[in-house]
Amino acid sequence: MNKKILIMDRFSQESFLFLNQQPGFEVVRAESPQKIPLEHLMTANALIIRSKTRIDENLLKNSPKLQLIITATSGFDHIDLEATQKWGITVMHTPTANVESAAQLTWALVLACSSQVLVGHRGIKAGEWNRESIVGLELSGRTFGIVGLGRIGSRVAQIARAFNMNVVAYDPYQEDDRFELLQAERSSYEEVLKTSDVISFHVPKTLETDLMLTRSHFEYIHRGMILINTSRGTVINESDLCEALERDYLRAVGLDVFEKEPLPRTSKLINYPQVVLTPHIGANTDEAFYKASSTAAEKLIRFFTDGSTSDTLPPRVAWYGATPFGAGPKN
Ligand code: NAD
């Protein structure tokens, strides 16, 4: 009996063909990532999803044959892992596929903010040539603060070192070795906020990281810092951020993620000239897309051929205890 694989979202054509050529699989593509057709849900053995497909208890109740879910993403807050554990469904993700792309986008925002790239760009498009009024910030010798020294935070730290910056980082869940390897100084969150010329957030969405940066923190941040967030929009209180911008506490801000996505057209953030915004495109490169698709396809084949798993969810990491599902049983 063939294993039925339902692909819910964007998936590379190469990996689709690769899966289709494997004996013992029937591969079906859904029309919309948001809605799983009931006839397929009843018969699917595996789902390949991205973040637009939400997995909840209700869906699992209606999937009698489902054994495996693979999300071709690094984030997994779209999956109720307590429910997948309860229903005995194996879940895997592809956490390394977009590390390079996300770190690169982070640095694109850092450089746009420090070298005033968009101010110059907009001026020229408006017929101006304001050389004298556009003054950048030299990064070399300054302090780069990282909150969350995981996969992406570590890559961002390496690039900061290449810019000859001092790196300070806050991550209570990482061992000292990682800080040493990256030549990053282990600091408290407060110290990172107080000393960084550039600060960049690379934390997962958890109860601890929700609203990690609010009015009370903006009161003591290093004045004139550049703030970058490519992790999750819930980390920063956006109305407090707007207040900090109005008080001139920040030199510039680069954001790829927002409290509400798509960012509402009425958001005040759109109007500040010193704020650079991108529409959650940290993982949007061809390379990250192909890597995520091929990794998902390989994981799926291994699971059904020899039962092997990797990058299973919930993750075996200490911070998982700080998620809404963290109180549940761990795998
Ligand atoms: P990761 O799990 O490798 O690293 C996260 C790090 O944060 C870990 O080292 C963990 O110990 C640390 N951490 C957890 N709780 C913390 C806390 N309260 N304070 C400080 N540190 C804490 O994850 P990653 O792959 O590096 O991804 C980082 C974030 O980037 C995630 O939120 C992910 O969803 C997001 N992301 C966004 C995009 C995008 O398109 N913008 C792309 C990829 C990943």
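Note that ligands are numbered from 1 as they come in the structure, with each ligand's atoms numbered from 1 the same way. For the single chain, residues carry numbers from 1 onward in sequence order.
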Could you identify the single nearest non-hydrogen protein atom to [atom] and state the distance to 0.1 Å?
{"atom": "atom 42 (C) of ligand 1", "answer": "A102 CB, 3.9 Å"}
{"atom": "atom 11 (O) of ligand 1", "answer": "D171 OD1, 2.8 Å"}
{"atom": "atom 36 (N) of ligand 1", "answer": "T230 O, 3.9 Å"}
{"atom": "atom 26 (O) of ligand 1", "answer": "I152 N, 2.8 Å"}
{"atom": "atom 4 (O) of ligand 1", "answer": "G150 CA, 3.2 Å"}
{"atom": "atom 25 (O) of ligand 1", "answer": "R151 NE, 3.4 Å"}
{"atom": "atom 35 (C) of ligand 1", "answer": "S231 O, 3.6 Å"}

[X] neighbourhood, listing ligand 1 atoms whose heavy-atom distance to it stays under 4.0 Å:
{"X": "N98", "result": "43 (C)"}
{"X": "Q174", "result": "8 (C), 9 (O)"}
{"X": "H280", "result": "39 (C), 40 (O), 41 (N)"}
{"X": "A283", "result": "40 (O)"}
{"X": "R232", "result": "32 (O), 34 (O)"}
{"X": "S74", "result": "43 (C), 44 (C)"}
{"X": "G282", "result": "39 (C), 40 (O), 41 (N)"}
{"X": "P172", "result": "19 (N), 20 (C), 21 (N)"}

Out of the candidates L109, T278, I281, only one should pair with T230 under the side-chain contact (heavy atoms from CB on, under 4.5 Å) rule; please name it. L109

Using ring pair (Phe, Tyr, Trp, His ring centres under 6.0 Å), reason through Y189 and H217 one step at a time and then give a plain yes or no. CA-CA 10 Å; Y189 183 45; H217 305 103; 5.5 Å; yes

Could you see which bit of [X] sits under 4.0 Å from ligand 1, with heavy atoms only: side chain, backbone, both or neither?
{"X": "P204", "answer": "both"}
{"X": "T209", "answer": "side chain"}
{"X": "E208", "answer": "side chain"}
{"X": "V203", "answer": "both"}
{"X": "Y189", "answer": "neither"}

State whether the shortest distance between N or O atoms of V147 and N or O atoms of ligand 1 falls below 3.5 angstrom.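 No, since none of the N or O atoms of V147 sits under 3.5 Å from an N or O of ligand 1.
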
Just going by heavy-atom distances, which of K205, H202, M212 is nearest to atom 28 (C) of ligand 1? H202

For atom 10 (C) of ligand 1, tell me which residue out of F76, W319, Y173 has the closest non-hydrogen atom. W319

Indicate whether the side chain of [X] and that of [Y] have a donor and an acceptor atom separated by less than 3.5 Å.
{"X": "T295", "Y": "T94", "value": "no"}
{"X": "Y290", "Y": "Q13", "value": "no"}
{"X": "H40", "Y": "K4", "value": "yes"}
{"X": "Q158", "Y": "R155", "value": "yes"}
{"X": "H93", "Y": "T73", "value": "no"}
{"X": "K299", "Y": "S310", "value": "yes"}
{"X": "E246", "Y": "Y272", "value": "yes"}

State, yes or no, whether a side-chain contact exists between W319 and E208 at a heavy-atom distance under 4.5 Å. no

Do F201 and S231 have side-chain heavy atoms sitting under 4.5 Å apart?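 Of all side-chain heavy-atom pairs linking S231 with F201, at least one is under 4.5 Å.
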
Which class fits the ring pair F25 and F304: parallel under 30°, tilted 30 to 60°, perpendicular over 60°?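 The arrangement is perpendicular - the two ring planes meet at more than 60°.
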
Would you kindly confirm whether F218 and V235 end up in one hydrophobic cluster when ILVMFWY residues are joined by side chain heavy atoms under 4.5 Å apart? yes

Looking at residues at least two apart in the chain, or sitting in another chain, which of them share a ring-ring contact (aromatic ring centres under 6.0 Å, His included) with F163?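 Result, ring-ring contact (aromatic ring centres under 6.0 Å, His included) vs F163: W107.
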
Does ligand 1 have any atom that is closer than 4.0 Å to a heavy atom of T206?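 No, T206 has no heavy atoms under 4.0 Å from ligand 1.
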
